[in-house]
Protein chains: 2
Amino acid sequence: MRRADFKRKTRVIVVDDNYDHASGIRELINLEQDYEVIANAGNVNVAISLIKKYQPDIVLMDINMPETDGITAISEIEKLGLKTRIIALTGYDEADLIYRAMKIGAKGYILKTMASAQLIRALDEVSMGKIYLPSVLCSKFFEYFQAAERNEKAYNATDDEENLLNYLTNREEEVLGLLTEGITYKGVAQQLFISETTVKTHVNNIFQKLQVNDRTQAVLYAINKGFSAKKKAKIA
Amino acid sequence: MRRADFKRKTRVIVVDDNYDHASGIRELINLEQDYEVIANAGNVNVAISLIKKYQPDIVLMDINMPETDGITAISEIEKLGLKTRIIALTGYDEADLIYRAMKIGAKGYILKTMASAQLIRALDEVSMGKIYLPSVLCSKFFEYFQAAERNEKAYNATDDEENLLNYLTNREEEVLGLLTEGITYKGVAQQLFISETTVKTHVNNIFQKLQVNDRTQAVLYAINKGFSAKKKAKIA
DNA sequence: CGTTTTCTAAATCTTAAGATCTAGTTCTTA
DNA sequence: TAAGAACTAGATCTTAAGATTTAGAAAACG
């Protein structure tokens, strides 16, 4: 008696607006002894209520659907907080779709054009709690991911030149740090154990260095340039 | 005459503080006809100057090094803006290291314990401009990536309840929007074509609704809650 | 139709904020 | 050792900010 005979089958729901395609997948999966397709859904709303009802182990979600897009659907399903794992399914290997799907919590991504063996492998991997992303798609993902990170950086690319924060002294940074917490002169003075007039001196110097006119502008400048009130803990 | 005879070999620099290990890799790579190790570096500083000098096609970077860590090193190298591609190398498959390395631009990630064939495959893939991440590491990456995204969401999950911004009227939102640009009462009055005293009234109401004492705190609150000065264009 | 918001605005008052100048101490560095 | 930068702080002055009260007009609402 084999082990598998004891095991409950892994329950799958297929979401695809193309009925023929959904049926194809269903048959394919039902050939496997470890899996059973317990329902099909032609649109997102039906899918979500079915998922709520049956709480399947895995959802195969077609992303290229009219009406509500599949990405939003994944997001909705993830919000339910079930143990259900989602595998995304598309016709094309668009980098941004792969990125977005994985970002919001898909556990796998496969193309419809891929061999059926890939689908089964994806089910195997994902049902074991792993991520399944074929290397071609993995590459696509990282192209997009790294480009996104580069843009993020470029946006905050305040690092070297033209970052007026670099001209601040340590003490001025400390003071600015407190300003970015919305503290008054008096409060800053108390926290740093210096007089209020000293704080004013520092703040005025900060204004000049940052080329701003008041504390709000200074705080905004600091935040936009990624000032993080670091260096606070200074072991004397 | 084979095509490969014409091709310039792909130039590799190995960065590893363990000399024996670096030598091992060097020999391994030099067995391949398509690759040549043009230099070794035992620490990050040497590595960077060598990379600047030779501009290799690929850098094999050990992450587990004393002194400067390899992650920072990758970051530094990426900043140079060369066409050099970096493959990270570690002894263990720590998810956060994989995540951080890939995030800052590594094109591949392999473990020292992996077979030498993997190393060569990584070189092949990466030199062709692709990403190389073995499926085990790919899974690790996504574990971390998706967890990070979930936390990001949870952090901004200030949306509904307890977001005092929701109590603001349209006009108040407009005024706050201008405050978050560091504009004075007078400036706001001019932009909205209302009197300065009216602006003061609005601002005071904003303070009360947001439970803050001054404009800096109001701006900070707004920014932290994801206020984006939307709804600005209001077609009358 | 009366009531409640919302937007407007004036008057008055207090104080925190910001500008400017001077100056002493300490520490670094050429 | 002299020069400069950094941190400190007092004095003085101006103005922008913020608090508070009152109130009219228009729109929304029940």
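In what follows, chains are A, B, ... by sequence order, proteins preceding strands, each numbered from 1. FYI, side chains are in, hydrogens and waters are out, and symmetry mates aren't considered; it's all heavy atoms of this structure.
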Do NZ/NE/NH1/NH2 and the carboxylate oxygens of A/K112 and A/D62 come within less than 4.0 Å?
yes
Salt bridge or not for B/E36 and B/R11, using N-O below 4.0 Å?
no
Validation row, ring centre A/Y109 to ring centre A/F141 under 6.0 Å:
no
Do B/Y132 and A/F142 have their ring centres less than 6.0 Å from each other?
no
Could you walk me through whether B/Y221 and B/F207 satisfy the ring-ring contact (aromatic ring centres under 6.0 Å, His included) test, starting with their C-alpha distance in whole Å, then the side-chain angles of each, then the deciding distance to 0.1 Å, before giving a yes or no?
CA-CA 10 Å; B/Y221 185 92; B/F207 290 166; over 10 Å; no
Spell out protein contact along nucleotides 6-20 of chain C as letters: B when the base is contacted, S when just the sugar-phosphate is, - when no protein heavy atom is under 4.0 Å; keep the 5' to 3' order.
SSBBB------BBBB
